[in-house]
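The block underneath contains the structure these notes are about, expressed in structure tokens.
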There are 2 protein chains.
Amino acid sequence: MRPVMRAPFRDQRGVAKYRHEVLGVVLRVGGGGSQGALGGGARLQVLARNRDHEPFAGMWALPGGPVEVSESMEEALARHLSAQLGLGSLRHREQLATFSDPGRDPFERTIATAYLGLVPCSDSSPGAAGVRWLDLADLPEMAFDHHLVVEQGAERLRGKVSYTNIAFALAPGEFTMAALRDIYRAVLGHEVDVTNLSRVLRRRGQIERVGTRAEPGSRGGRPPSTWRFTEDAYRVTDPFAVLGPARGR
Amino acid sequence: MRPVMRAPFRDQRGVAKYRHEVLGVVLRVGGGGSQGALGGGARLQVLARNRDHEPFAGMWALPGGPVEVSESMEEALARHLSAQLGLGSLRHREQLATFSDPGRDPFERTIATAYLGLVPCSDSSPGAAGVRWLDLADLPEMAFDHHLVVEQGAERLRGKVSYTNIAFALAPGEFTMAALRDIYRAVLGHEVDVTNLSRVLRRRGQIERVGTRAEPGSRGGRPPSTWRFTEDAYRVTDPFAVLGPARGR
DNA sequence: GATGTTTTCGACTTAGCGTCGAAAACTTTC
DNA sequence: GAAAGTTTTCGACGCTAAGTCGAAAACATC
């Protein structure tokens with residue numbers, strides 16, 4: 001139920017006029033566990049703001065805003081994320097796509113370039129008011145075409161997680177293989193075998209063992225080793241291999 | 001040796017001002033054979049125009065131009081390609097990325113959204129003057145950041161050719177396996193085994209046999225079967241497999 | 001000490017790409 | 001017309017790496 005387009009796309013002098021803005025699809029894997037820790041029910045989540053003005057007042061929207069003439073789109077994105085969310089730096093950022101459908105904004109002609117941003121689950125709550133992590137699996141209707149934008153961001157992440165080291169941006173500095181499995185499962189949307197995950201990531205040199213953790217809140221069982229990613233920058237690690245879905249299920 | 005930036009990024013009234021344009025990276029596999037036919041030396045080529053005005057007069061540039069306020073970027077792209085090149089429809093088109101570096105245009109602040117376009121080798125010569133197919137392997141210096149844009153387009157194609165059916169947009173309606181091998185080799189930049197290519201594409205249901213051709217200009221040898229792609233729309237055929245480079249070389 | 005739980009790792013299976021060589025199906029030459 | 005040469009096709013084998021499974025390790029609890 002979109003508002004009807006009502007303003008012409010030209011200013012008073014009849015000069016063509018449009019806005020260019022940036023949007024951030026900031027994703028994390030959260031929930032499922034007690035207090036920050038991941039658990040079996042960890043889900044992929046996106047950072048959204050509740051709009052307090054028309055159009056689409058009251059609906060959820062992606063953070064972002066206009067690009068100043070003297071700044072790059074990346075600078076504009078960082079500026080808006082910082083101002084609107086109190087969000088620090090992203091662990092990974094890449095351009096997604098530019099959305100330009102003339103009808104996507106009912107009031108103005110707005111061209112929006114969307115970026116995918118990733119933060120680890122350890123960075124927990126957004127500081128600003130009206131900002132929430134929304135589960136992608138159960139996304140409410142969103143303002144403008146932001147639903148589409150979010151879907152495209154998740155798609156990009158899903159595609160890259162199995163042949164790049166992009167998961168480094170979602171994982172905490174140190175983690176157990178079980179926690180990493182939860183992250184991969186949340187991103188891929190299907191069961192992931194720990195044995196296979198461990199072997200594949202080690203073979204590719206993506207992760208290395210840090211030590212063995214004496215877990216405080218342990219429920220028994222062999223104490224897990226802790227691991228970390230060997231690199232903290234995005235890299236294609238194996239264009240010829242993929243973590244497919246488990247065949248038996 | 002770029003011109004020095006000389007115009008401010010605001011108009012006479014001090015209002016922030018920038019242009020948004022579209023660019024087309026139109027690729028084909030051409031050359032290497034006599035008269036249109038492919039051959040062992042087939043190369044990946046990009047369609048470029050020779051600029052006749054500043055900035056970058058005399059240099060090669062990608063086709064494209066401004067987006068009108070009432071049209072979508074796809075419409076703008078089709079309009080510019082048709083007007084500047086006399087080029088008909090593209091067999092495949094997808095958005096590449098948006099280039100927004102404030103210094104990329106020395107005169108204005110120009111944000112450019114680039115599209116990848118593919119045409120089959122059978123569509124031979126561009127009609128307009130000052131337009132040429134340039135070999136990507138030996139690309140001259142280009143205007144603006146177009147060199148970067150072309151590189152990104154080729155990268156996208158290279159990445160997708162082995163796990164999608166995107167090659168349908170580069171191949172003629174009917175072809176022999178040898179001709180298809182030449183296309184894959186030109187795109188991937190390495191030797192491709194015909195046996196493997198045939199088996200993989202057949203297993204995925206990408207190609208089907210049409211018949212056996214009695215070749216007019218044959219030099220002897222067993223007459224090849226002719227093949228065609230089963231679909232004429234882009235589709236991801238196998239996210240879990242890739243045509244890697246030959247190991248022996 | 002026995003039991004239960006979680007993690008780790010080696011061993012086996014399977015799928016699919018890479019390679020090779022023989023056979024097929026033509027043209028050209030002697 | 002037979003032999004030689006060329007190109008294509010296809011079956012067969014090998015190898016790599018992902019997928020699976022179960023046993024052993026290393027803890028907590030009873």
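So that the names make sense, note that chain A is the first sequence line, chain B the second, and so on, each numbered from 1.
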### Task
On DNA chain C, check which nucleotide each of Gly221(B) and Thr195(A) is closest to and give me the residue with the more 5' one.
Thr195(A)
### Message
Measure CH2/Trp227(A) against P/dT7(C) and give the value in whole Å, please.
### Response
13 Å
### Message
Less than 6.0 angstrom from the centroid, inside 45 degrees of the normal: does Arg28(A) satisfy that with respect to the ring of Trp133(A)?
### Response
yes
### Query
Step by step, would you call Gln84(A) with Val131(A) a side-chain contact (heavy atoms from CB on, under 4.5 Å)?
CA-CA 9 Å; Gln84(A) 295 170 15; Val131(A) 173; over 6 Å; no
#### Entry: Value in whole Å for how far the C1' atom of dT13(C) lies from CG of Asp193(A)
14 Å
### Task
Could you check whether Ser198(B) gets within reach of a base, just the sugar-phosphate, or nothing at all, counting any heavy atom under 4.0 Å?
nothing
### Task
Tell me which nucleotide among dG11(D), dA18(D), dT9(D) gets nearest to the side chain of Val200(A).
dA18(D)
### Message
What is the distance, to the nearest angstrom, from the CE atom on Met177(B) to the C1' atom on dA24(C)?
### Response
17 Å
### Task
Could you check how far CD of Glu208(A) sits from C1' of dT8(C), rounded to whole Å?
18 Å
### Query
Mind checking whether Phe229(A) and Phe175(A) have parallel, tilted or perpendicular rings, split at 30° and 60°?
tilted
### Message
Does Arg209(B) reach a base, just sugar-phosphate, or nothing at all? Heavy atoms under 4.0 Å.
### Response
sugar-phosphate
### Task
Kindly give the heavy-atom pair with the smallest separation between Val149(B) and Ala114(B), and that separation in Å.
CG1-CB, 3.5 Å
### Query
Given atom CZ of Arg222(A) and atom P of dT7(C), what is their separation to the nearest angstrom?
10 Å
### Atom pair distance, as rounded to whole Å: CZ in Arg202(A) and P in dA17(D)
16 Å
#### Entry: Nucleotide nearest Pro223(A) when distance is taken to its side chain, options dT8(C), dC27(D), dC17(C)
dC27(D)
### Message
Expressed as a whole number of angstroms, how long is the span from Arg199(B):CZ to dG21(C):C1'?
### Response
15 Å
### Query
Is Thr176(B) near enough to dT8(D) that one of its side-chain N or O atoms lies under 4.0 angstrom from OP1 or OP2?
no
#### Entry: SB check Glu208(A) Arg202(A) (cutoff 4.0 Å)
no
### Task
Measure from OH on Tyr163(A) to P on dA17(D) and round the result to the nearest Å.
19 Å
### Query
Between dA18(D), dT8(D), dC17(C), which one does the side chain of Arg203(B) approach most closely?
dC17(C)
